[in-house]
Amino acid sequence: MEQPGTRRTGATHGTGTPDASPAPEAGRGPRVPRPGAPPSAVPAPRGTTRGPSRGRPGDEPAHGSAHGPAYETLRDAATRGDRPAHDAGDDRPAGGSGDGGERRPEAAQVQRHSVRGQVLEALRAALAAGELVPGEVYSAPALGARFGVSATPVREAMQRLAVEGAVEVVPNRGFRVAERSAREVAELTEVRALLEVPVVLSLAQSLPAGRWAALRPLAEATVDAAACGDVGRYRAADRAFHRAVLSLTGNEQLVAVADDLHRRAQWPSHVSPVVRRGDLVADAADHTALLDALCAADLHTAESVVRRHFSGAK
């Protein structure tokens with residue numbers, strides 16, 4: 001028989017003795033499991049998460065390789081229809097666990113950005129090599145088939161090139177490679193000379209010969225590409241050599257601005273529709289001649305070579 005004023009806290013099991021149960025929290029009744037109920041049947045306190053969080057579709061790591069002509073990874077990411085990595089609302093801290101309202105960046109979004117970047121670089125290389133002809137219109141689906149991806153990343157990359165001035169948007173057709181005038185080509189060469197010639201001459205007076213000798217492999221790479229008559233490879237090596245020279249200043253903004261001008265100067269034009277191997281060989285010879293003069297501390301010859309180089313820049 002219960003004593004007056006007492007309260008039963010559990011179920012009895014034949015002996016009349018109440019089951020032991022945790023003391024109730026202040027102001028709340030205890031949470032008591034049903035007899036025979038598994039632990040998971042106990043209601044979870046408010047504000048807590050039961051069990052491990054589950055990721056959303058698309059959070060799994062991407063598979064495949066992005067190298068080689070087949071562009072397997074480009075195709076995988078593009079055909080999933082993933083959003084670009086820089087869509088509004090994607091600037092969230094990386095590595096979120098999903099608790100507290102945070103959302104982890106999806107692996108597909110990062111992959112999408114990689115696809116678009118690779119397509120952009122491939123299009124830039126095609127422009128530099130003269131594979132995209134000035135005045136011709138190219139559709140995003142056709143170029144996508146060439147790179148083994150959908151039209152979406154190609155269209156995004158082409159929009160970037162349109163901002164840079166390399167192509168023009170043709171509604172309902174695609175993108176036309178810009179036709180540059182002789183004046184525009186001359187202006188780009190002049191601006192490059194105004195930036196790079198004084199920098200090289202200033203460095204020539206302050207740097208030891210050993211710093212210049214370290215650039216020899218880059219200069220020889222331009223010579224090898226020119227000897228093969230490979231325009232695309234030559235122009236990539238040419239830009240690498242000029243970047244390395246300007247990097248000796250330690251001025252990253254200068255390097256970025258000069259490299260952008262250099263890339264634009266390499267776009268195809270009707271002014272010089274065909275690049276001759278002899279022109280490339282002469283241009284590459286200036287690189288080695290410049291290093292020879294700088295290593296010998298011959299400032300007069302170095303100035304003569306660098307000014308000649310920009311008068312006939314390719």
Side-chain angles (χ1 to χ4, degrees), residues 66 69-91 106 108-192 231-233 235-236 238-239 253 256-275 313-314:
Y71 285 88
E72 294 92 347
T73 303
L74 303 187
R75 183 183 300 107
D76 291 343
T79 54
R80 281 198 302 266
D82 305 324
R83 293 181 300 133
H86 297 303
D87 280 354
D90 283 338
D91 294 330
E106 296 181 3
Q109 293 173 352
V110 178
Q111 178 65 26
R112 171 61 173 214
H113 178 62
S114 175
V115 172
R116 181 176 57 184
Q118 291 182 56
V119 172
L120 178 60
E121 289 307 310
L123 289 171
R124 283 174 170 166
L127 280 168
E131 296 172 9
L132 300 180
V133 182
E136 291 293 323
V137 176
Y138 297 88
S139 70
L143 290 172
R146 170 178 175 174
F147 296 122
V149 299
S150 72
T152 301
V154 175
R155 192 173 291 112
E156 292 168 351
M158 278 293 200
Q159 292 287 356
R160 174 65 181 273
L161 291 176
V163 172
E164 296 177 358
V167 301
E168 303 165 351
V169 178
V170 181
N172 302 320
R173 291 186 60 195
F175 302 86
R176 178 186 291 113
V177 178
E179 301 179 79
R180 299 184 301 150
S181 65
R183 177 175 179 175
E184 183 179 355
V185 174
E187 287 175 350
L188 284 168
T189 301
E190 181 180 1
V191 175
R192 286 189 62 213
V231 177
R233 189 175 133 211
R235 285 177 167 168
D238 184 38
R239 281 179 56 205
Q253 299 303 315
V257 170
D259 188 54
D260 180 64
L261 288 169
H262 197 169
R263 183 177 63 246
R264 291 167 58 191
Q266 291 180 341
W267 292 341
S269 69
H270 286 307
V271 178
S272 54
V274 178
V275 179
K314 296 293 176 289

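Sequential numbering from 1 along the given sequence is applied to the chain's residues. Because the structure is predicted, anything quoted here is derived from the model rather than measured.
In plain terms, the two heavy atoms of Ala122 and Phe147 that are nearest each other are CB-CE2, 3.6 Å. The two residues Ala157 and Val119 come nearest to each other via the heavy atoms CB-CG1, 4.0 Å. A pairwise comparison of heavy atoms in Pro268 and Val177 identifies CG-CG1, 4.4 Å as the closest pair.
Rounded to the nearest 0.5 Å, atoms OG1 (Thr189) and NE2 (His262) are 9.5 Å apart. For the atom pair Gln118 CD and Leu123 CG, the distance stands at 12.0 Å (nearest 0.5 Å). Expressed to the nearest 0.5 Å, how far CZ of Arg235 lies from CG of Asp238 amounts to 9.0 Å.
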side-chain contact (heavy atoms from CB on, under 4.5 Å), that's the test. Do Arg239 and Arg263 meet it? Break it down for me. CA-CA 8 Å; Arg239 281 179 56 205; Arg263 183 177 63 246; 3.8 Å; yes
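Within the 4.5 Å cutoff, side-chain heavy atoms of Thr152 are placed close to those of Glu156. A 4.5 Å side-chain heavy-atom check between Phe175 and Arg155 finds at least one atom pair inside the cut-off. Counting heavy atoms from C-beta on, the side chains of Gln159 and Val163 never come closer than 4.5 Å.
Formation of a donor-acceptor pair under 3.5 Å by the Arg116 side chain with backbone atoms of Val154 is not found in this model.
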What side-chain donor-acceptor pairs closer than 3.5 Å can you find for residues 126-143, not counting sequence neighbours?
residue, atom, partner, partner atom, Å
Glu131, OE1, Arg146, NH2, 2.6
Tyr138, OH, Val133, N, 2.9
Ser139, OG, Ala142, N, 3.2

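Contacts of Glu121 classified as side chain to side chain donor-acceptor pair (under 3.5 Å), with partners at least two apart in sequence or in another chain: Arg124.
Counting only residues at least two apart or on different chains, the salt bridge (Lys or Arg N to Asp or Glu O under 4.0 Å) pairs with a member in residues 166-175 are Glu168-Arg176.
Around the CZ atom of Arg160, the shell of radius 6.0 Å holds no more than 12 heavy atoms that belong to other residues, nucleotides or ligands.
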